[in-house]
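Below is one structure; the comments refer to it alone.
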Protein chains: 2
Amino acid sequence: MTPTTPRDDEPSSPRSPVVMRDVAKAAGVSVATVSHVVNDNPRARIGQAARERVRRAIEELGYRPNALAKTLVTGSSSFIGLVADAIATTPFAGQIIQGAQDEAWKHGYVLLVANTGGNEAAEEQAIAMMLEHKVRGILYSTWFHRAVTPPAALAETDAVLVGCYSEDSSLQAVVPDEVQGGRTATQLLLDAGHRRIAFINTSHPSPAQTGRLEGYRELLERAGVGYDPALVVEATSDQEGGYEAAMRVLEHDVTAVFCHNDRVAMGLYDAARDRSLRVPDDLAVVGFDDQEVISAHLRPPLTTVALPHYDLGAAGVRLLLGIDEPTAGTARLVACPPVVRSSV
Amino acid sequence: MTPTTPRDDEPSSPRSPVVMRDVAKAAGVSVATVSHVVNDNPRARIGQAARERVRRAIEELGYRPNALAKTLVTGSSSFIGLVADAIATTPFAGQIIQGAQDEAWKHGYVLLVANTGGNEAAEEQAIAMMLEHKVRGILYSTWFHRAVTPPAALAETDAVLVGCYSEDSSLQAVVPDEVQGGRTATQLLLDAGHRRIAFINTSHPSPAQTGRLEGYRELLERAGVGYDPALVVEATSDQEGGYEAAMRVLEHDVTAVFCHNDRVAMGLYDAARDRSLRVPDDLAVVGFDDQEVISAHLRPPLTTVALPHYDLGAAGVRLLLGIDEPTAGTARLVACPPVVRSSV
DNA sequence: ATGAAAGCGCTAACAC
DNA sequence: GTGTTAGCGCTTTCAT
């Protein structure tokens with residue numbers, strides 16, 4: 001009665017090493033049958049009786065299929081890797097993770113995330129680890145829109161760039177539509193009747209810098225208001241920059257300003273208050289990003305244009321899985337929607 | 001010459017199905033030998049020549065070990081699951097992910113993340129999926145400190161609660177030390193010579209509410225200043241709450257106020273400015289959380305107490321892997337450090 | 001010092 | 001309808 005075979009003892013064992021064979025034995029069928037009912041395999045006809053016994057056995061033993069073993073035999077894993085520079089650590093780009101995860105789950109995949117801090121060695125290590133775990137593909141993403149030179153190892157699997165793009169467009173990419181965003185912001189102000197609209201742009205060279213300016217300019221010209229370079233100033237893209245830029249911008253007696261982002265708008269609010277200018281009565285302002293901690297709680301709440309982080313992540317997964325058709329040669333653009341609050 | 005065995009063709013195949021056997025063949029050794037050199041197995045003596053040939057073959061073929069197959073045979077996976085309610089979507093708690101990931105990597109584990117939005121069904125699904133992927137253990141975390149009733153399925157593996165705790169303390173937990181945080185904030189103000197220190201507490205019942213108050217009170221009494229209930233007001237924990245609470249608090253001619261968090265402090269700043277009160281000259285303020293987008297960029301930059309998200313994540317992993325000893329019965333506390341800027 | 005072989009938990013032909 | 005069997009890529013005794 002000494003247990004020489006530690007295999008078939010009670011489920012009193014430390015932790016469920018309950019495998020398919022155990023279920024099969026308990027149900028009095030073969031593992032193949034168990035496999036078929038577990039997977040609802042349509043090409044296999046299993047009798048109601050057996051099916052029921054198997055179900056009960058699974059239930060009673062607390063059986064959990066081993067996804068890894070399954071992957072090994074089917075050859076296709078259910079992992080999608082997400083390597084990010086600073087997404088998890090940055091306020092609000094976390095939505096990329098959420099979008100990617102939701103979309104991945106929808107198709108039976110789970111996310112393997114690695115936040116590398118932009119460190120190249122960490123990136124390589126992360127990608128290597130993902131490759132070794134036989135991921136279905138990798139999403140390589142950045143927390144702000146920019147050009148990148150993707151790690152070479154990405155070529156070993158399917159990969160898509162999210163929130164960034166490679167200059168040689170060797171990889172599929174999905175990025176926010178900065179130009180449309182610039183247009184949207186400007187439209188918001190134009191619609192409210194403003195004609196002298198300043199633009200506090202970022203001083204950081206980037207797709208956002210050129211794209212939003214282009215949208216702003218385009219819409220102003222299209223509306224017959226005309227583009228006045230004097231109304232465009234550059235500043236660092238934070239509260240300090242916005243505060244400081246306000247000096248330069250407000251001397252042009254503008255009635256509205258489009259800010260590069262919400263933080264800049266927050267700085268502008270401060271400056272306006274110092275001058276006893278009321279938002280939106282004396283000065284209308286629209287931000288960008290929709291960084292909710294700020295935008296939703298400024299006084300008055302800020303009307304802004306949202307960066308579609310969630311959609312970026314989701315679109316990345318769809319591209320990766322081939323659900324969305326890749327746009328040839330160029331990055332797929334995702335729209336930046338307006339978020340109307342009370343500052344216009 | 002028709003390829004009946006699709007196995008041994010050139011590496012021209014679409015994507016590296018290079019397996020150990022291929023390496024073995026190329027190096028003229030057995031798979032066992034390859035395995036030994038790949039893992040630097042100390043209990044196996046491999047000749048320099050063979051070792052070298054294997055290394056070269058690996059290099060030339062671009063071989064990547066299959067971590068899943070390895071897991072299958074060794075029985076221990078290298079995954080740690082992180083199920084979060086809203087960490088990835090919340091500004092700044094993302095540091096929990098980062099801390100967990102860094103610590104996990106350090107020990108050869110990779111993170112499987114699932115942000116569930118607090119949805120119970122999603123939680124169960126996430127945990128089930130992690131269990132099926134045979135994770136080493138699961139970190140169950142919340143973006144703000146609170147009591148939870150952990151999903152039952154967590155019992156099927158090792159689990160630790162991060163940023164939350166279960167009332168029946170059935171699971172290990174690691175949470176921020178709210179009391180010490182309250183003391184720290186108060187100390188900052190006391191050190192600057194303040195004696196009439198108000199506290200805008202949150203109106204949301206929580207460990208933060210009671211803990212920080214306790215620390216505040218404790219320190220005030222210890223410092224001989226005494227605790228005056230009139231100086232404590234409650235408010236919603238955002239900018240609006242801070243602005244509104246300012247009314248109630250400033251009529252007690254206090255010289256300093258400890259705010260439940262940075263957002264409340266931001267609201268207080270607004271109110272102070274409306275009254276032409278200068279921070280810190282007329283009013284010293286300290287926040288809590290160190291929500292950097294806000295705290296670092298307020299005018300003046302806010303002195304605050306940081307919520308140790310990163311450490312929480314890292315400590316969670318350490319507890320999970322048994323690197324840190326569990327504190328019996330009660331949750332492990334991690335300190336909230338002061339972050340000195342210019343508002344005191 | 002190196003290799004043959006068994007088997008991890010599972011799926012997928014193919015028998016019966 | 002259900003069982004047998006051959007692997008998936010790898011590690012690991014145990015021979016040699």
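Atoms considered below: every heavy atom in the structure, side chains included; atoms not considered: hydrogens, waters and symmetry mates. Residue numbers begin at 1 in each chain, while the letters A, B, ... track the order of the sequences.
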A50(B) near the nucleic acid: base, sugar-phosphate alone, or nothing, with a heavy-atom cut-off under 4.0 Å? sugar-phosphate
All salt bridge (Lys or Arg N to Asp or Glu O under 4.0 Å) counterparts of R136(A), not counting sequence neighbours: D158(A)
Determine the minimum heavy-atom distance between L112(B) and M129(B), stating which atoms define it. CD2-CE, 3.5 Å
Salt bridge check, E103(B) against K106(B): does any charged N sit closer than 4.0 Å to a carboxylate O? yes
Taking atom C1' of dC10(C) as reference, at what distance in whole Å does atom CG of L68(B) sit? 12 Å
Just by distance, do the side chain of T90(B) and the backbone of I87(B) share a donor-acceptor pair under 3.5 Å? no
Give G75(B) one of three labels, base, sugar-phosphate or nothing, depending on what nucleic acid heavy atoms sit under 4.0 Å from its own. nothing
Scoring nucleotides 11-16 of chain D by protein non-hydrogen atoms under 4.0 Å (B base, S sugar-phosphate only, - none) yields BBS---
Is there a donor-acceptor contact under 3.5 Å from the side chain of T142(A) to the main chain of G163(A)? yes
Atom pair distance, as rounded to whole Å: CZ in R53(A) and C1' in dT2(D): 10 Å
Counting any heavy atom closer than 4.0 Å, what does L72(B) reach on the DNA or RNA strands: base, sugar-phosphate only, or nothing? base
For atom NZ of K134(B) and atom P of dG9(C), their distance in whole Å: 9 Å
R64(A) versus E156(B): any side-chain heavy-atom pair under 4.5 Å? yes
Take atom NZ of K25(B) and atom P of dG9(D), then tell me their distance rounded to the nearest Å. 12 Å
Rounded to the nearest angstrom, tell me the gap between atom CD in E52(A) and atom P in dG1(D). 17 Å
Grab the CD1-P distance between I58(B) and dC10(D) for me, whole Å please. 10 Å
Grab the CZ-P distance between R21(A) and dT5(D) for me, whole Å please. 15 Å
Calculate the interatomic distance between N66(A) atom CG and dG7(C) atom P; express it in whole Å. 18 Å
Is there a donor-acceptor contact under 3.5 Å from the side chain of S166(A) to the main chain of T149(A)? no
